[in-house]
Amino acid sequence: VIIAGSLGPIPLLRVTGELDHLGGSELSDVAGEVLGADGRLLLLDLSLCTYIDSGGLGALFGLLGEMGPEGILGLIGVSRDVCRVLDIVGLPRMASLRLFADADEACAALAASAPSAPVSDRQ
Amino acid sequence: MTAPKTQPLIHSLILAADLGEVTRAREFLKDVAMETGFSEARVFDIQVACSEAISNAIEHAPEKGQVEVTTSLRPDRLEVEVEGPGRFQVPRRAQERSNRGLGLPLMACLADHLALYSGPRGGTLVSLTFYVPTAERDGDEGALPPSIMELIESNELVSSITENAPVGIYVLGPDLRFRWTNRVWKGFLDLSYRAVDLTGLFYGDVVPGAEDAGLVDILRCISEEGSWHTMEEFEFRGFERGVTYWRWDALPLKLERDEPPYDVLAVVSEVTEQVLQRRRVEALAGEIERERNRLRTILETSPAAVMIVDADGKVSYVNRRAQELYGFVTLGLDLNAHAAALKIMRLDGTPFPVEDMPATRSLRLGSSVRNVEMTIEPGDGRRFPVLMSSAPLFDAQGVVDGAIVIFDDLSGQKEAEEALQATNEELLRFNRAAVDRELRMVELKQEINALCAAAGQPRRYPLEFTTDQTRET
């Protein structure tokens, strides 16, 4: 289940449950809508994400590709298990990907990069 | 303790070709893996790795195809097989660009063993193996102290020695769990353990039968008492490949503790081939010795005299009967000296040339010589005829290596012939005398009968000889 929202001016998607092939394609769809054509900043709250496999990883790679080298994809609250899988495919080593322990850390780190116009909540 | 012979516990699950089925498969795998005793983190890995195989199989299955997931639970591992009707797709660059192709690396990283099999009719079987940990492997608590690992890894000479020396080296903690092993040692193990990180595993589990063979007790003793232990040819039957032999040195390793229980360092080399080879040679030598004894017995009890001459024409052996006939034994004499000592002659009394003797001819020509008569005079007053035969002896390459000479005293035979002759003559003489006497008797009787007839008396003797009757008529 993916719930779209925002953290201040930054779009935020909360992912609950499993990011497998089905969850991954849902994420791609929702994120594509939220980002629009030139979105460069996105936060994913994965603290309630219990599982990830190549389906979810594919979606993350896809988002990074869409946002381009200038974009930033922030992951919040990634569990140890999920993080291990991200490590295997080398995601944390990508410059465009950031890992944050919680929303506060993400907020502080990304304040400078955030777009000036706030994004309204939408569910 | 591992029990490789135990029947595996098997579960299986049939899935429709629908990606929504993968969640159900993950729950199934989670239940099986939890039951097996994997940690929660490892259960997660198992779910991810197997999901990759299952998703792949479902994606490449035809619409109404089925994917079968089978789990086999063994004491030391969980094996998961995913079988689908489609071909496994090798990720192409184009697919990678669309963020595919991550499944295979994930499976390879998360499973302890991964194999892909293509079915003859296009199906694919993916086999994933996950070994059951027997000890908590998190952190480096079980491994060697960092200083030692650093020494081994950073020092080229040390790492070259530990990795390339043809000996297995391992270090066990006081609980007999592996702290470190070199590559060669893992190569000694049964196949199922060669690819496993042994750190933290109990020695007795990794080396099946070690407990029964007493190795665990020995290692424990070394750790607790600080003693050394060496075995030259330790026979071990625990490995799947059968009986093996080992040279084994184990000693206490006083790294972190200077009082027991210590770590144990063992240096092991396999000597199976050497031992088996040596046993084969010993068996062969024993057989040759038995064969030789048998031959010696035959020669010694042979009623015929036997002499063996080596390739140089020297007498190297004479049997008991030959000693009796010769009356002396001088081994090492060449045939010239031998013939001279025995005064070997032809039956007609002329000298017997050494080059014509059977042994010389067998040595020279490599052929057998039969029934040559001669006389010998051993020098103790005896002189008797012998009948001699000889045959060449060959070495392993077929080269004449000596000759065997067989002979016997003919005088017994000659005497018997003479006695028979004498007896015959005696019999003839006796016979002749008997016949003469009989004839004389008949003549006397005829004379008496004639006198009786002249005196008008009846015949005194009824003579029934034809001659007599002829005379009477």
Side-chain angles (χ1 to χ4, degrees), chain A residues 1-2 15-32 35 42 44 46-69 71 73 75 77-94 96-97, chain B residues 15 17-30 33 38-61 67 82 88-89 91 93-111 114 126 128 137-139:
Chain A
V1 181
I2 294 164
V15 178
T16 306
E18 302 184 325
L19 268 184
D20 57 5
H21 284 74
L22 297 179
S25 64
E26 189 187 350
L27 174 64
S28 298
D29 294 345
V30 176
L35 278 173
L42 180 66
L44 297 180
L46 297 183
S47 50
L48 295 176
C49 171
T50 53
Y51 175 85
I52 191 165
D53 63 19
S54 64
L57 295 168
L60 297 183
F61 275 110
L63 286 174
L64 286 165
E66 281 169 30
M67 292 193 288
L73 177 64
L75 305 183
V78 179
S79 73
R80 249 178 101 169
D81 289 338
V82 171
C83 194
R84 204 167 52 250
V85 176
L86 301 186
D87 261 331
I88 290 172
V89 296
L91 265 174
R93 290 193 295 279
M94 295 184 73
S96 311
L97 192 107
Chain B
L15 302 171
D18 174 0
L19 281 174
E21 289 274 83
V22 186
T23 307
R24 188 159 74 92
R26 266 201 294 278
E27 289 303 314
F28 163 75
L29 288 163
K30 184 178 181 178
F38 286 103
S39 68
E40 279 186 26
R42 195 62 183 141
V43 171
F44 186 89
D45 291 348
I46 293 168
Q47 282 185 297
V48 174
C50 297
S51 292
E52 295 302 339
I54 295 165
S55 304
N56 202 297
I58 288 177
E59 279 182 301
H60 301 118
V67 172
V82 178
F88 191 88
Q89 303 287 314
R93 288 188 72 87
Q95 285 178 317
E96 279 170 4
R97 256 182 249 123
S98 63
N99 312 309
R100 305 287 292 274
L102 295 168
L104 197 56
L106 280 173
M107 282 189 267
C109 286
L110 295 172
L114 170 68
V126 181
L128 302 113
R137 292 207 219 173
D138 288 347

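The figures that follow rest on heavy atoms only: side chains count, while hydrogens, waters and symmetry mates do not. Each chain gets a letter, A, B and so on, in the order its sequence line appears, and its residues count up from 1.
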query: Do B:Val48 and A:Arg84 have side chains that get closer than 4.5 Å, going by heavy atoms?
result: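 A side-chain contact under 4.5 Å is absent here.
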| query | Do A:Leu22 and B:Thr23 have side chains that get closer than 4.5 Å, going by heavy atoms? | reply |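 No, side chains not in contact.
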Identify which of A:Leu60, A:Asp53, A:Asp81, A:Ile52 forms the greatest number of heavy-atom pairs closer than 4.5 Å to chain B.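 Result: the option with the highest number of such pairs is A:Asp81.
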Checklist line | All ring pair (Phe, Tyr, Trp, His ring centres under 6.0 Å) counterparts of A:Tyr51, not counting sequence neighbours | finding: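 Testing A:Tyr51 for ring pair (Phe, Tyr, Trp, His ring centres under 6.0 Å), a comparison that skips the adjacent residues, returns B:Phe44.
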Might you point out which heavy atoms bring A:Ile88 and B:Pro105 nearest each other, and give the distance in Å?
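Here A:Ile88 and B:Pro105 meet closest at CG2-O, 4.5 Å.
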Contact summary for B:Leu102 and A:Ser54, nearest pair of heavy atoms: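 Distance-wise, the nearest heavy atoms are CB-CB, 3.8 Å.
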message: Walk me through whether A:His21 and B:Ile58 qualify under side chain to side chain contact (heavy atoms under 4.5 Å, CB included).
response: CA-CA 11 Å; A:His21 284 74; B:Ile58 288 177; over 6 Å; no
* Which distance, rounded to the nearest 0.5 Å, do you find between the CD of B:Gln47 and the OG1 of A:Thr50? ->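 Here the interatomic distance stands at 8.5 Å.
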*Is it the backbone or the side chain of B:Val22 that comes under 4.5 Å from a heavy atom of chain A, or both, or neither?*
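No part of B:Val22 comes within 4.5 Å of chain A.
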